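Since the structure is predicted, the reported quantities are computational estimates derived from the model, not experimental observations. Here is how names work: the chains are called A, B, and so on, in the same order as the sequence lines, proteins then strands, and each is numbered from 1.
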There are 2 protein chains.
Amino acid sequence: MSITIYDVAREANVSMATVSRVVNNNPNVKPSTRKKVLKTIERLGYRPNAVARGLASKKTTTVGAIIPDISSIFFSELARGIEDIATMYKYNIILSNSDQNKEKELQLINTMLEKQVDGILFMGGNVTPEHVQHFSTSSAPVVLAATYDETGKIPSVNIDYKVAAYEATKLLIDKGHKQPAFIGGQVDIKLNLDKYEGYLKALQESSAEINENFIIKDSYSYNAGIKGIKKLLSQEDKPTAVFVASDEMAIGVIHGAQDLGYKIPEDLEVIGFNNTRLATMVRPTLSTIIQPMYDLGAVAMRLLTKYMNKEEVTETEVILPHRIIERDSTK
Amino acid sequence: MSITIYDVAREANVSMATVSRVVNNNPNVKPSTRKKVLKTIERLGYRPNAVARGLASKKTTTVGAIIPDISSIFFSELARGIEDIATMYKYNIILSNSDQNKEKELQLINTMLEKQVDGILFMGGNVTPEHVQHFSTSSAPVVLAATYDETGKIPSVNIDYKVAAYEATKLLIDKGHKQPAFIGGQVDIKLNLDKYEGYLKALQESSAEINENFIIKDSYSYNAGIKGIKKLLSQEDKPTAVFVASDEMAIGVIHGAQDLGYKIPEDLEVIGFNNTRLATMVRPTLSTIIQPMYDLGAVAMRLLTKYMNKEEVTETEVILPHRIIERDSTK
DNA sequence: ATGAAAGCGCTAACAA
DNA sequence: TTGTTAGCGCTTTCAT
């Protein structure tokens, strides 16, 4: 049996209420008794039971984080941002992978709510009305990171993916490429669709027709990048530039093109997305869109603390700045 | 106010004990009443409160995971292994970063114990007697992953780092390099020391004297790799091969050497460590030591479930197999 | 097969 | 400033 608050109270000759007060730093305790209590806490090695505390106070100081895949370099940096701010505000994180699978996501929301988390951070994937419905079965606040809900009911932190993709494509067009190719993710995920739409918008503004053969939608992996560019370069009509929706994929593109004897950026200009650490870990170094992943997580967590604290929040749809950094994969 | 077990009991005309039984799949319930209860649970949208349950049952079905840095590609894959197995056994993970900082680690152990986790997974960093002491203040089982405690009191899952480093160095020596260089981490971390010792052992077996100028101990980063190799190659006496203690660093080594005009593997052979996804995302592709990171996490979590279940465990110090994969950074 | 009731360890009025 | 006491929502004997 472990030491309880009751043991401490008895040993220190005070009531459990007083012990509770000193543990919770309630100022209404005479310094001398505080000292006495502290000493016996120390002596007995008392460790407050957070579960009991949670039941009584209806606060667990833990938040749930639902993330597509923690082993992805993108999300793991985001997670680090979350965790650092959570620590700062004394919260713990229950972390779960969803693989952007809707059933899993819904399931996880439920589990976390059962565990009485004080708030939920939801990342990636789509936010459907069903998600919103699940969220609403509890009063725990929810913040979305790197995704958003179209009804605008749930606060979120993002960059403007559409504009970013537009700018990258535009940059390539301005460099003289008639139609830069696009290699991105499946557009059933909203953010991927945003990037695709940004790309299209830039094309529409400049060229007349759009060559569908310059557009590839696949998974966000290194191998998909290789496969994608090899397909593009095996066509009659070959692109001279390509906008790739993730760095990992973009590195695949670079290597795939190099394997075929193409020189980057001379024969093919490449722009990636995210500016993960990978971007500088490839030769030529990758021009890409800087998306502040760590900050995305940090800001989302900070926002969540405000909601959990019932503070006033003015800005519910936070858009963080992005920018393009040109390195050696573009001329 | 949310729905409690009491509400369900009242609405279904049974006692809370019966509701509890159906929620927990206790077989001692007449099928018809089970059905009735299930129906009213559905109707009311009852969601069991895991905190209350945890207080009453003294089980939280959550385990704490202390990890050096979730944004590191190495640990994030490990974490994914942990999480997948945890999910399989219905556990949730409280994840925290320690940065291998002893104070933080001790702190986190305490916090997790306060939260009444059913077990702890501890990764990276050193395990000191103080750690062991902290662990012992609770009956929650602990499993170490990618680290071990020298007293052998705490179960752990690892590969044999010393042997792996020995083999890599030996391979290089057998290829005709008199003294391959070593670029690794600070040896105040036990695992880094193991790798260093494995390297030394291989040298001692073959060559007479050891050139200390061929040995660099720095942080495990891409930039440290670049810096390290540039230093080595600026010396009078230059290495023709190098064993690098992490892939990220090794890629830095490759690029650093390439920047100086060296050809890999012709002028310099490189072997990395870990076989992270990065190893195939560089040209030339990286020869490296395959360490099954995902499995390390998965096996550690599996082992922990056995302890939490109070099952008999025969093998307490699990050593997973490793092997060297030769790719294009070696001849 | 079901119910009654005693906790689990703590917080938070309320009193004193 | 301190103590008393009633929960928080559930599990788990122990009866029945």
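The listed nucleotides are D:dG9, C:dC8, D:dT12; the one nearest the side chain of B:A17 is D:dT12. With C:dC10, D:dT12, C:dA1 as the candidates, the nucleotide lying closest to the side chain of B:K30 is C:dA1. Checking C:dT11, C:dG9, D:dT11 against every side-chain atom of A:T4, the shortest atom distance belongs to C:dG9. In the set D:dC8, D:dT11, D:dT2, the nucleotide with an atom closest to the side chain of B:I5 is D:dT11. When each of D:dT12, D:dC8, C:dC8 is scored by its nearest atom to the side-chain atoms of B:S20, the top-ranked nucleotide is D:dT12. Closest to the side chain of B:R21, out of D:dT11, D:dT2, D:dT13, is D:dT13.
Checked by atom type, the side-chain pair B:T151/B:D149 shows a donor-acceptor distance below 3.5 Å.
The nearest whole Å value for the distance from the OH atom in A:Y6 to the P atom in C:dC10 is 13 Å. Look at CG on B:D7: it is 13 Å from C1' on D:dC8, rounded to the nearest Å. To the nearest angstrom, C1' of C:dT11 lies 15 Å from CG of A:N28. One can place CD1 of A:I3 at 16 Å from C1' of C:dC8, the figure rounded to the nearest angstrom. Counting to the nearest Å, the P atom of C:dG9 and the CZ atom of B:R53 are 18 Å from each other. Atom CE in A:M16 sits roughly 11 Å away from atom C1' in C:dA12 (whole-Å rounding). Rounded to an integer number of Å, the gap from CZ of A:R10 to C1' of D:dG3 is 17 Å. Going from atom CG of B:N24 over to atom C1' of D:dT13 covers 15 Å, rounded to whole Å.
Within the 4.5 Å cutoff, the side chain of A:R34 has heavy atoms near those of the A:N25 side chain. With contacts defined as side-chain heavy-atom distances shorter than 4.5 Å, the pair B:Y91/B:I93 does not qualify. At a threshold of 4.5 Å between non-hydrogen side-chain atoms, the residues A:L95 and A:I67 count as touching. Proximity of A:S96 to B:E83: side-chain heavy atoms (C-beta onward) are separated by under 4.5 Å at one or more points.
Residue A:V14 is classed as a sugar-phosphate contact, given heavy-atom separations below 4.0 Å to backbone atoms only. B:T18 comes within contact range of the sugar-phosphate backbone alone, with a heavy-atom separation under 4.0 Å but no base atom that close. Within 4.0 Å (heavy atoms only), B:V23 reaches no atom of the nucleic acid at all.
Note on A:K58: a side-chain N or O is less than 4.0 Å away from OP1 or OP2 of D:dG9. In this structure, B:T33 reaches the C:dT2 phosphate: one of its side-chain N or O atoms is under 4.0 Å from OP1 or OP2. Between A:S57 and C:dT11 there is no side-chain polar atom (N or O) within less than 4.0 angstrom of OP1 or OP2.
Nearest-nucleotide positions on DNA chain C place B:V29 closer to the 5' end than the other of B:V29 and B:L55.
Closest heavy-atom contact between B:R80 and A:D69: NE-OD1, 2.9 Å.
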